[in-house]
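Since the structure comes first, as structure tokens, the remarks are kept for the end.
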Amino acid sequence: MEIKFCENRINLIHSFGISRSSNDYYDIIYIYIIDGDIIARGEAAPSKRYNESAELILSVLKRGLKVPESSSSKEYLWDFLKPQLKGISSLEAAVNMAVWDWSAQKEKLPLFNLFGFKDEVLPKTSYTIAIGNLNELDERLEESEQCSILKVKLGTPDDDKEIIRKIRARTDKLIRIDANEGWDYEMAESMAFWLADRNVEFIEQPFPAINLKDTKKLKSISPLPLIADENSILSTDLNGLVDCFDGINIKLMKCGSLDEALKMIALAKKLELKIMLGCMVESSVGITAAAHLSSACDFIDLDGNLLIKDDPYDGVKIEDGHLKLSPSKVGLGLNLKQKKNGLI
Ligand SMILES: [Mg+2]
């Protein structure tokens with residue numbers, strides 16, 4: 001058994017703007033566990049919001065990860081590798097999804113079977129309309145054709161209502177709003193009522209994560225459900241969110257493993273919180289890993305791979321807006337599209 005890694009730049013089709021940043025590309029890291037004929041893969045898509053970067057991850061990987069000569073279980077392999085990852089969540093997520101991919105390939109099963117899930121036709125995913133030039137909105141909407149739900153990024157200084165008016169002039173598709181911590185209380189209160197009349201399903205993260213006081217106040221009057229993203233990192237966060245949010249957004253890059261995501265799903269159900277499954281801008285490796293969890297979740301937002309122009313891998317597909325995994329493919333079910341720069 002050996003472990004390899006490869007740095008890769010994924011370039012966006014269009015600049016990706018949210019309330020706090022705008023990017024044309026992201027640097028991600030692939031992890032490979034190679035064991036005989038098995039190539040198991042994982043992806044780290046580090047986020048500045050959580051103080052992570054490709055450089056930070058490379059500084060750990062270049063020192064070398066130790067691997068056992070052989071391993072009989074994924075638990076043993078994960079326990080062996082995790083302490084070497086310095087608590088970097090996106091790196092942990094990458095190594096953990098490779099461990100699960102390895103395990104499912106060994107058992108010759110698709111990963112979702114290992115979780116006890118059966119369906120290969122999964123819920124619909126939303127398609128993100130990022131913050132950008134208002135004049136290009138029509139083009140963005142055309143590109144979202146394959147998805148019947150839009151996730152619209154708001155939290156601009158002045159344009160939030162104009163963005164929604166322009167979208168509504170073109171389509172009545174269901175909209176999910178993500179303010180990415182960009183509102184103050186007055187703005188959030190007026191937007192919640194204004195949006196409620198415009199076929200909007202929920203509002204994600206209206207306030208900065210430190211502002212739970214206003215979140216609780218908004219929840220008590222908001223006609224729309226509130227979903228925690230930047231407030232919802234790990235299962236240990238969930239008990240503290242029950243009075244402030246109606247649901248949580250789980251992302252592998254934040255929680256650091258499929259195991260922790262499964263724990264969050266189970267606890268959220270117990271606490272009667274709605275479950276959204278989200279992503280960073282990622283290629284098909286990370287998106288497909290998350291897709292294997294999607295039949296257990298209420299709202300799916302796994303479109304990171306649709307927003308990039310040079311995805312090196314094929315994995316989960318979209319059919320009539322639904323995510324679709326192949327039941328005949330084992331593990332994550334990935335194919336490398338074209339060999340280049342150390343990708344395997
Ligand atoms: Mg979000």
Side-chain angles (χ1 to χ4, degrees), residues 12 15-23 26 45-52 89-90 93 123-132 140 144 147 149-156 160 163-164 167 174-184 187-188 191-192 195 200-212 214-215 218-219 222 224-234 237-238 241 244-256 261 264-265 268 273-282 286-287 290-291 293-294 297-308:
L12 286 144
S15 291
F16 189 77
I18 63 167
S19 66
R20 58 177 172 259
S21 61
S22 180
N23 284 75
Y26 289 90
S47 166
K48 274 191 201 140
R49 169 65 177 75
Y50 301 105
N51 303 313
E52 297 187 359
S89 300
S90 56
K124 289 179 173 180
T125 180
S126 42
Y127 184 96
T128 302
I129 305 291
I131 295 171
R140 293 300 92 79
S144 71
C147 297
I149 308 168
L150 301 175
K151 179 163 132 164
V152 181
K153 296 284 193 181
L154 295 183
T156 62
D160 283 4
I163 291 168
I164 299 301
I167 293 173
L174 184 63
I175 289 178
R176 298 166 176 169
I177 298 294
D178 188 358
N180 279 109
E181 309 182 285
W183 287 342
D184 58 21
M187 177 74 173
M191 285 301 287
L195 290 165
V200 168
E201 192 172 27
F202 60 72
I203 297 170
E204 194 182 328
Q205 199 70 37
F207 307 118
I210 49 162
N211 190 359
L212 279 177
D214 280 345
T215 315
L218 183 64
K219 181 180 184 269
S222 174
L224 291 173
L226 305 182
I227 307 289
D229 182 0
E230 286 83 345
N231 271 110
S232 155
I233 314 291
L234 298 167
D237 295 321
L238 268 50
L241 301 179
C244 306
F245 290 96
D246 301 285
I248 57 156
N249 185 347
I250 299 172
K251 293 179 184 168
L252 294 177
M253 296 303 146
K254 292 186 296 178
C255 75
M264 292 177 84
I265 289 169
L273 288 164
K274 290 283 184 192
I275 304 163
M276 177 176 181
L277 188 62
C279 61
M280 305 297 179
V281 175
E282 301 167 27
I287 297 297
L293 295 169
S294 60
C297 303
D298 301 299
F299 311 121
I300 308 302
D301 181 36
L302 293 178
D303 68 338
N305 56 338
L306 306 178
L307 307 176
I308 58 174

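Each ligand, and each atom within it, is numbered from 1 in the order the structure gives. What you see is a predicted model; the values in this text were computed from it and never measured.
Side-chain N or O atoms of Glu230 include none that pairs as donor or acceptor with a backbone N or O of Pro208 at under 3.5 Å. The main-chain N or O of Trp183 is never found under 3.5 Å from a side-chain atom of Glu181 such that the two would form a donor-acceptor pair. Not one N or O on the side chain of Asp303 forms a donor-acceptor pair closer than 3.5 Å with the backbone of Leu306. Under a 3.5 Å cut-off, the side chain of Asn249 and the backbone N or O of Gly278 do form a donor-acceptor pair.
Classified by interplanar angle (parallel below 30°, tilted 30° to 60°, perpendicular above 60°), the ring pair Phe16/Tyr26 is perpendicular.
Of all protein N/O/S atoms, those under 2.8 Å from the Mg ion (ligand 1) are Asp178 OD2, Glu204 OE2, Asp229 OD2, and waters are not counted.
Contact check on Lys251 versus Asp229 returns a salt bridge, with a Lys/Arg side-chain nitrogen under 4.0 Å from an Asp/Glu carboxylate oxygen.
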